[in-house]
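Contents: one structure, followed by commentary.
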Number of protein chains: 2
Amino acid sequence: MGTRKENSTYSRNEKYIINCNMSYAVHVIGGRWKLLLLDKLRKGTSRYSDLKKEFSYISERMLTLQLKSMEEDGLIIRNVYAEVPVRVEYTLTPAAIELIPILDLLSAWGNRQRSLQE
Amino acid sequence: MGTRKENSTYSRNEKYIINCNMSYAVHVIGGRWKLLLLDKLRKGTSRYSDLKKEFSYISERMLTLQLKSMEEDGLIIRNVYAEVPVRVEYTLTPAAIELIPILDLLSAWGNRQRSLQE
DNA sequence: TTACTTACTTACATGATTGTTCGTACCACA
DNA sequence: TGTGGTACGAACAATCATGTAAGTAAGTAA
């Protein structure tokens, strides 16, 4: 989510992952706060200040970073309204909406798995 | 996957994620090499040396770390055979087998999504 | 006694992600 | 002119994840 050094082993190893669609999908939702944000946005469009209020424990920096990353990966759309003060709204894309039921399956699996683990 | 400092913001923030089963599931499969290992093991039991040979680009340290983590999370079972030299085999647990079709859905989604992105 | 195989383990270094703090741009309104 | 609200951005620091290089343990065979 920042700049990367080329030619480190870490970078070079990426080629072994990059052609794995599963890894890609997990990467896309893998940021620390992305799932929480997806879960919020599935209930409807939110503006930046709403997210900031609801997730007050997420630093503003991380909030914008995760949102930007999700926008780049085609999970959300960012709409800017030229009002005063500015209003910025975030909405799920169709692709993200397709993802939701799969995440629900994952969630159910996680639930079962955790109850088994204790 | 190592020791953690308590009381850092990073640690404290965990409580906002820890009760999210989705995040748990993503965490469980989120290590860099876990999906590749799952994909290999779904085709059948493998011994350590097989994995090492197939994934020669993964350092031994990371290989054992990821395998141990997957074992702790109930994704794989580690069987040790008291032969000479030792033989250690890794097998998917039923829980991991339940996970496979969900991961296939994720993979299909990733495939669609990536073709849209370019 | 030494060498050999398998499956790790440890100490250390590098790179990536996340968090803290402060500052900015825009325009309205007093 | 100055204050206020929204939505960020940049510099820096802390923490986590990954990679490198070397060594270990157990047992058998030479």
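For clarity, every value in this text was computed on a predicted model and none was experimentally measured. The sequence lines fix the lettering, A, B, ..., with proteins before strands; numbering per chain opens at 1.
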Any side-chain heavy atom of [X] sitting closer than 4.5 Å to one from [Y]?
| X | Y | result |
| --- | --- | --- |
| B:Leu37 | B:Phe55 | yes |
| A:Leu38 | A:Met70 | yes |
| A:Arg61 | A:Leu65 | yes |

What integer distance in Å separates [X]:[atom1] from [N]:[atom2]?
| X | N | atom1 | atom2 | result |
| --- | --- | --- | --- | --- |
| A:Arg47 | D:dA7 | CZ | C1' | 9 Å |
| B:Leu63 | D:dA17 | CG | P | 18 Å |
| A:Phe55 | D:dA7 | CZ | C1' | 17 Å |
| B:Tyr90 | C:dA7 | OH | P | 8 Å |
| B:Glu60 | D:dT20 | CD | C1' | 12 Å |
| A:Leu65 | C:dA16 | CG | P | 15 Å |
| B:Asn13 | D:dT15 | CG | C1' | 13 Å |
| A:Tyr48 | D:dG5 | OH | P | 16 Å |

*Which of residues 74-88 of chain B sit near DNA chain D, with a heavy atom under 4.0 Å from it?*
B:Val84
*According to a strict under-4.0 Å criterion, is B:Thr9 in side-chain N/O contact with OP1 or OP2 of C:dT20?*
yes
*Give a yes/no answer on whether the side chain of B:Gln66 brings an N or O atom under 4.0 Å of OP1 or OP2 in D:dT18.*
yes
_Whether B:Ser115 side chain and B:Asn111 backbone form a donor-acceptor pair below 3.5 Å_ = yes
*Using the criterion of both pairing distances under 3.5 Å for Watson-Crick and G-U wobble pairs, give all stems of 3 or more consecutive pairs involving DNA chain D.*
C:1-30 with D:1-30
Taking any heavy-atom pair under 4.0 Å as a contact, classify [X]: base, sugar-phosphate, or nothing.
| X | answer |
| --- | --- |
| B:Tyr57 | nothing |
| B:Ser49 | sugar-phosphate |
| A:Ser59 | base |

_Whether the side chain of A:Arg61 and the base of C:dT18 hold a donor-acceptor pair under 3.5 Å is what I'd like checked._
yes
*Are B:Trp109 and B:Ile100 grouped together when hydrophobic residues (ILVMFWY) are joined by side-chain heavy atoms under 4.5 angstrom apart?*
yes
*If you draw a 6.0 Å radius around NZ in A:Lys43, do more than 12 non-hydrogen atoms from other residues or ligands fall strictly inside?*
yes
*Please determine if A:Arg32 forms a cation-pi arrangement with B:Tyr10, meaning its NZ or CZ atom is less than 6.0 Å from the six-membered ring centre and no more than 45° off the ring axis.*
yes
_Tell me whether B:Asp50 is salt-bridged to B:Arg47, with the criterion being a basic N under 4.0 Å from an acidic carboxylate O._
no
*How long is the gap from CZ on A:Arg42 to CD1 on A:Ile97, to the nearest 0.5 Å?*
10.5 Å
